[in-house]
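Bear in mind the structure is a predicted one, so any value in this text is a computation, not a measurement. In what follows, chains carry the letters A, B, and so on, assigned in the order in which the sequence lines appear, proteins first and then strands, with residues in each chain numbered from 1.
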Amino acid sequence: MIKLRDIPLSAKFGIIVIIMYVLTAIFAAQLAPYGEADIVATPFEAWSSQFWLGTDNLGRDMFTRLLFGARNTLGIAFVTTVIAFALGATGGLVAATFGGWTDQILSRFVDVLMSIPQLIFALLLLSIFGISIPSLILVIAVLDSTRVYRLTRAVAINVTVFDYVEASRLRGEGAIWIMTREILPNIVPTLIAEFGLRFCFVFLLISGLSFLGLGIQPPTADWGSMVRDSATLITYGDVTPLLPAAAIALLAVAINLVVDWFLHRASGLKDD
Amino acid sequence: MSERGKMSTEQCAGIATAGELLTIENLRIEAPASNSVRGGVPSILVDDVSLSVRRGRVMGLIGESGAGKSTIGLASMGYGRGGIKITGGSVVVNGRDIRKLSKAGLRKLRGKEICYVAQSAAAAFNPAKRLMDQVVEAALMHGVSSRADAEARAVILFKKLGLPDPEKIGRRFPHQVSGGQLQRVMTAMALCSEPDLIVFDEPTTALDVTTQIDVLAAIRDAMRETSVAAIYITHDLAVVAQVADEIMVLRGGKMVEQGTTRQIIHHPRQDYTKALVAVHDIQHPEKPAAASPILAIDRLTAGYGNGTIKVLEDVALVLEKAHTLAIVGESGSGKSTLARVITGLLPPMSGSLKFDGKALPARLAERSKNELRQLQMIYQMADVAMNPRQTVATIIGRPIEFYFGIKGDERDRRVAKLLDQIELGKEFANRYPSELSGGQKQRICIARALAAKPRIIICDEVTSALDPLVSNGILKLLLQLQKEEEIAYLFITHDLATVSSIADSVVVMHRGRVVRSGAKSQVLNPPFDPYTELLLSSVPQLNEGWLDGAIASRRMQPAGN
Amino acid sequence: MYQIGKIIGQRVALGALTLWIVSIVIFAGVQFLPGDIATEILGRSATPEAVAAIRKSLGLDVPAHIRYFQWLGSILQGNFGTALANGRDIAELIRPRFINTLLLALSAAVISVPLALLGGIVAALYRNTIVDRSINIVTLASISFPEFFVGYVLILFLSVQAGILPSMSDVDSSTALVDRLIAMALPSLTLAVVVLAHMMRMTRTSIINVLGNQYIETARLKGLPERRVLVGHALPNALAPIANVIVMNLAYLITGVVVVEVVFVYPGLGQLIVDSVQKRDIPVVQACSLIFAATYVVLNLIADILSIVTNPRLLHPK
């Protein structure tokens, strides 16, 4: 349906980068020269043929941890986003379809959750529940589902005002049919694009938390905490700490490029 | 006037002929490839159109949507929406070819020599600025006059156009005046810089009929008094017949026919024009009352917000089996709310609703599947009445599946039969709504209603979004189906011509109340109540003197608004 | 005018209500703590005396709703209690840091707002040209960068290699203004870069939305020069959305500040909350959250009020 040559260069670049990241994440164990948490040398060793990107503050191979970082960071962010979508999109659809009190209650609840800045709320909840991967995933998924809820509700309401939804109500269709057959197919493109953006955001948030030492905990390899652990090197002009940060940035750029193209295509919107 | 020196002899010849203000020759306009619907191929919007407008004359452009009327109107100002461009021919205004003008040259022309009046004045005025500032802006910008003079002239124009409180209305903001008034202010804005030509782009289409007639008369009088030339664009032949000296009929971007107003409406040469003139030719003799009502409504009151806002008050009506009851009213009359009440979307505050002699539950959720099946609905905008992600087969097949539990081949056979009934054919089954024309879409909606084997279909303005010829076809189809399937129609409309084509009995609504009801012959003939008379006299008729006559008769009788 | 006053009054009341609910959420969150808060904080091996001491200092011997009103009452008097970790008065702890954080956010705003408006307007005016496409790609990239990436890149180039600016932003109340500004330069620049791209893209979108309106076509068909179309017709209508964009991004700055403060070891509120989360010093975390949330709510309220007072329909009722 979509011809390869119709995809703009920026989006092609984004797609290729994303595929490479996914492959790295899947085959991290096969690609990595050492074990994820193995201490293989003295701390902060320089780049060499043995340790391509040198070693970190504990003497673990940087390249190995970069590869495993792809798996851990991406995997956790992906699971989190999926949960956030399951919660938020369902809630948004229900609110838009039923309206009235259901909508009021759900929306006011979400308003309350959103009246505290997300990162701050996450910090508060993590300080209460303690820092572990399950609590990280749940806290961020719940907080992020509020944005998914808002978007889903808004686009779904735009669909519910159409006469074809009223027509199916008049026919006597149940709520499930209306949600899954009448509304959902019309908002799927928006939701897919939003999934990309939310994934990007969640991934940046988790990396940020890990960088602060409040996210994924050692010895699990993670890009955010890798930056934190080797940050001192930067003052000696060594770019190694920038590599995991660049890995995060590159993936986020790639996703944004693809989503940008996708949104432009889906809306068919002309700026002029 | 330095441009004169650069003109070709051909153009000079053009101006020489009797005071020609605007001459368009072999005009061709295209949309760029990236903007076209087909994607990749530039689409031609206007092809080989030539016309000329002399000083003080009015040229009417008429055609369906997509005929290229507005595109031609804007092209005379050297303007193309969304990147569309003139790719052939010439547009000469006051002796200058606008295709050869610089951007600055075009700006000098716009707002000074040619002004534009848009269809929706509400959207065309800047919400953040006072009306007077917007009305005099072009005159000031082009140095036509001082602010004081321009404002004085604006007040005179406001008075001429019949605006209330002409001295002070300019101090208001656009949202503070009504739609009909805003349209008059827009006309004053166009006249204020004393242009040679005004392009009117469907200026009364968005208005109610009783408002339209006043605005139309005001525009026409103002044009006569200022002897400004105009291009008047509309899809309504009866409207353009009141204001234009000449008419050009357009279809699909090409000219069909051009002639004087008299010639076009009395002696059309082309088949298409003949069809346009004869559009309301359906003869529908009224069926005798049978006293076997399928739907009876009595003392119905409904509204919003716990009874604080009453939209319907004490409404009563009766729909006979296999008859058509037309519900006529302008916007705000409550006719669409009535449909919501009957379908159960809006439970009434009081009153009774009887279907085939039995009380119908007020709420949608309380009605049985069988009750729902027997009452179907067709909407005004077929575009949004069908899920764009479903095929025609799903759209029509779903009621068959849902109400009768029929699936698979049998369902497909029924769908094919329905498609035949609506004169489309089974090859349409796999299409998506976006692959259909406006008329085809409405036919699919009819088939969907029909699939439920209903006893009543509520038709909510089903033809008002369609072009006249297409809507004629839909009405004929509905009459045909009524004969075959014995369905009763509750036909909601604001268009009285449609009423006489299809109805057996009529209910006239005004501000939430029934003001008149009975058999068609009774309701549409005198003696009238004041509102019905106003409504009937406001419907444009296809003869040149209608507007004068209608205004004269209304002035004798100051009822209504 | 009366109507506008009433609407603004409603919004302010709503803002106050939101703040109140936020305070309940922040307070009640602690009640969901799995197990007993004191043992949770001190670990399983804590002595019973230590546990009892913590319970008392948290007031856990009193019912929750009474504790809430006591907590709220003392906060309203400016008393946030004492930190678990070192027993210091939380209000004392927070005050200088809050000022530092506000200064940082303010200087980032001073850098980014004019640039964002300029860039957004330029992109909107030359939309779909090479200028716009480049701005699009650059801003798209920079909204994808994590704050710490931007921060360390700036450190690498401006501090380590060029040696112009310090990489650590160690300031205290005795630091002179000039030194303070130099110390704050890199963190404010980092924050500015992060927020700039967002603001620029949103400005572009809101201007393009306004330019798509029909009254802009009317203005063009009057033969007005493009400059006048923009200044006279588009700008008055674009003010509200643009003001909204700015305020929303200021609210975003509030959270962006946390990571940036850690990167540059800047003694602000962000550092404090991160440290306290690590130590699970819950009273401090609660106090910081409340201040961040209050700032956020107030900024959103300002955005709301701005869009009310620039709406002609409300300014000039029928």
With a 4.5 Å cut-off on heavy-atom pairs, point out which of [options] contacts chain C the most.
options: A:Thr235, A:Leu251, A:Ile255; value: A:Thr235
options: A:Ala231, A:Ser115, A:Ala246; value: A:Ser115
options: A:Pro117, A:Ala249, A:Gly237, A:Ala252; value: A:Pro117
options: A:Leu125, A:Leu119, A:Leu212; value: A:Leu212

Side chain, backbone, both or neither: which part of [X] has a non-hydrogen atom closer than 4.5 Å to chain A?
X: C:Tyr296; answer: side chain
X: C:Val150; answer: neither
X: C:Arg133; answer: neither
X: C:Asn136; answer: side chain
X: C:Ile26; answer: both
X: C:Gln278; answer: both

* Closest approach of A:Val253 and C:Phe145, non-hydrogen atoms and distance? ->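 Where A:Val253 meets C:Phe145 most closely, the heavy atoms are CG2-CE2, 3.9 Å.
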* **C:Leu156 and A:Val239, any side-chain heavy atoms less than 4.5 Å apart** =>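 Yes, their side chains come closer than 4.5 Å.
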Can you say whether [X] sits under 4.5 Å from chain C via the side chain, the backbone, both, or neither, judging by heavy atoms?
X: A:Ser10; result: side chain
X: A:Ala254; result: neither
X: A:Leu204; result: side chain
X: A:Phe121; result: side chain
X: A:Leu257; result: both
X: A:Asn256; result: both

* Matching residue for A:Leu124 among C:Ile282, C:Val277, C:Val285 - test: side chain to side chain contact (heavy atoms under 4.5 Å, CB included) -> C:Val285
* Structure fact -> Highest number of heavy-atom pairs under 4.5 Å with chain A among C:Val274, C:Leu290, C:Val297, C:Ile24 belongs to C:Val274
